[in-house]
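For reference, the structure discussed in these notes is given below.
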Amino acid sequence: MGFLTEMFARPRPQEHLRYRAALALLHSMNNADRADIGIKPADFPRVAREMSSR
């Protein structure tokens with residue numbers, strides 16, 4: 001039980017905020033923009049993780 005309390009009591013790292021922002025950016029792109037850079041919706045989590053780690 002102490003683990004769950006500690007897990008939820010800790011502040012979220014900044015990478016999480018950057019990940020959400022990157023994911024929102026990817027979702028806001030239209031299909032033509034996605035095709036230009038060569039990514040598909042299935043690639044969004046991976047690309048967002050890469051963007052947030054930089």
Side-chain angles (χ1 to χ4, degrees):
M1 189 72 172
F3 171 74
L4 290 177
T5 304
E6 183 179 343
M7 184 175 76
F8 291 114
R10 287 185 185 171
R12 292 182 174 175
Q14 292 298 323
E15 294 86 19
H16 181 72
L17 297 175
R18 290 193 301 256
Y19 174 79
R20 288 177 54 118
L23 204 55
L25 175 71
L26 291 170
H27 279 287
S28 70
M29 296 171 69
N30 61 22
N31 289 335
D33 291 337
R34 292 179 195 150
D36 285 342
I37 60 175
I39 62 168
K40 296 179 180 167
D43 299 328
F44 286 3
R46 178 186 52 84
V47 173
R49 274 193 306 275
E50 291 172 1
M51 290 172 66
S52 67
S53 67
R54 295 181 188 168

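Numbers for residues simply follow the sequence, beginning at 1.
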- [ ] Could you tell me which residues satisfy side chain to side chain donor-acceptor pair (under 3.5 Å) with E15, sequence neighbours excluded, listed by chain and number?
- [x] none
Task: Shared hydrophobic cluster, L23 / L17 (ILVMFWY, side-chain heavy atoms < 4.5 Å) - done: no
Side chains of residues 36-45: which donor-acceptor pairs under 3.5 Å do they make with residues two or more places apart or in other chains?
{"unit_1": "D43", "atom_1": "OD2", "unit_2": "K40", "atom_2": "N", "d": "3.2"}

Task: Co-membership, hydrophobic cluster, residues M51 and M29, 4.5 Å side-chain - done: yes
TODO: Name all residues meeting the salt bridge (charged side-chain N to carboxylate O under 4.0 Å, His left out) criterion together with R34; count only those two or more places apart in sequence or in a different chain, and write none if there are none.
DONE: none
